[in-house]
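Reading through the structure tokens given below for one structure.
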Amino acid sequence: MVDILIFIMYIALTLALGSAIWSICRKIRVVGKTSGKVHGIPMRAVIIVIAVVLVSLLAVTFFAADVPADSSRYSEAPTPFWLRISNMMVVTSIIILYATIATMGYSICHSARLAGKTLIRQLFCDIFVIHRRHGKPRRKHNDTLPRTNK
């Protein structure tokens with residue numbers, strides 16, 4: 001039964017890696033057919049940079065993994081390759097989590113500064129999704145034509 005689960009794990013890992021590579025290549029190809037910019041942001045460059053940074057981060061954490069030298073001494077112990085893979089995934093997940101938290105913090109501080117709000121007020125508004133409508137109220141659907149005085 002364990003051999004079947006390991007075989008299914010290999011199939012799932014292969015399908016996940018294949019679909020991830022296919023998705024990245026397809027996205028780059030689709031964006032490449034257009035100007036590559038969405039709302040003034042060069043999306044093709046952003047996608048390529050994210051893919052290169054992620055692959056290099058995975059490579060660095062794989063080769064920097066701490067694997068004990070005597071891990072193959074026991075017959076039940078996993079091979080050093082799988083120890084490196086598991087260590088790579090844990091360290092990469094932690095780095096990506098910290099980068100996400102830092103990006104969210106920067107975004108909140110930057111939007112608070114642009115909106116002229118204090119940071120606490122901006123956090124409160126972002127957490128509870130409070131949006132005030134400033135300016136004139138919206139027109140009703142049948143009130144789209146300008147009124148004329150008769």
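Of all heavy-atom pairs between N87 and D66, the closest is ND2-N, 3.2 Å. The two atoms that bring R84 and F63 nearest to each other are NH1-O, 3.5 Å, heavy atoms only. Across every non-hydrogen atom of A16 and S19, the tightest pair is O-OG, 3.1 Å.
By the rule that hydrophobic residues join a cluster once side-chain heavy atoms approach within less than 4.5 Å of another member, W22 and L54 end up as members of separate clusters. I8 and V2 fall into different hydrophobic clusters, where Ile, Leu, Val, Met, Phe, Trp and Tyr residues are linked whenever their side-chain heavy atoms come under 4.5 Å apart, directly or through other members. Hydrophobic clustering of Ile, Leu, Val, Met, Phe, Trp and Tyr side chains at less than 4.5 Å, counting indirect connections, keeps M89 apart from I94. Put simply, M9 and M88 are part of the same group of oily side chains (I, L, V, M, F, W, Y) that touch within less than 4.5 Å, one to the next. L17 and I96 end up in the same hydrophobic cluster when Ile, Leu, Val, Met, Phe, Trp and Tyr side chains are linked at under 4.5 Å.
Atom CG of L83 and atom CZ of F81 lie 11.0 Å apart (nearest 0.5 Å). Taking CD1 of I50 as the start and CG of L57 as the end, the distance is 13.0 Å to the nearest 0.5 Å. Summarising the geometry, atom CG belonging to L13 is positioned 9.0 Å from atom OH belonging to Y10; distances are rounded to the nearest 0.5 Å. Residue T61 holds its OG1 atom at 9.0 Å from CD1 of I85, rounded to the nearest 0.5 Å.
Using a 4.5 Å heavy-atom cutoff, the side chains of I21 and C25 are in contact.
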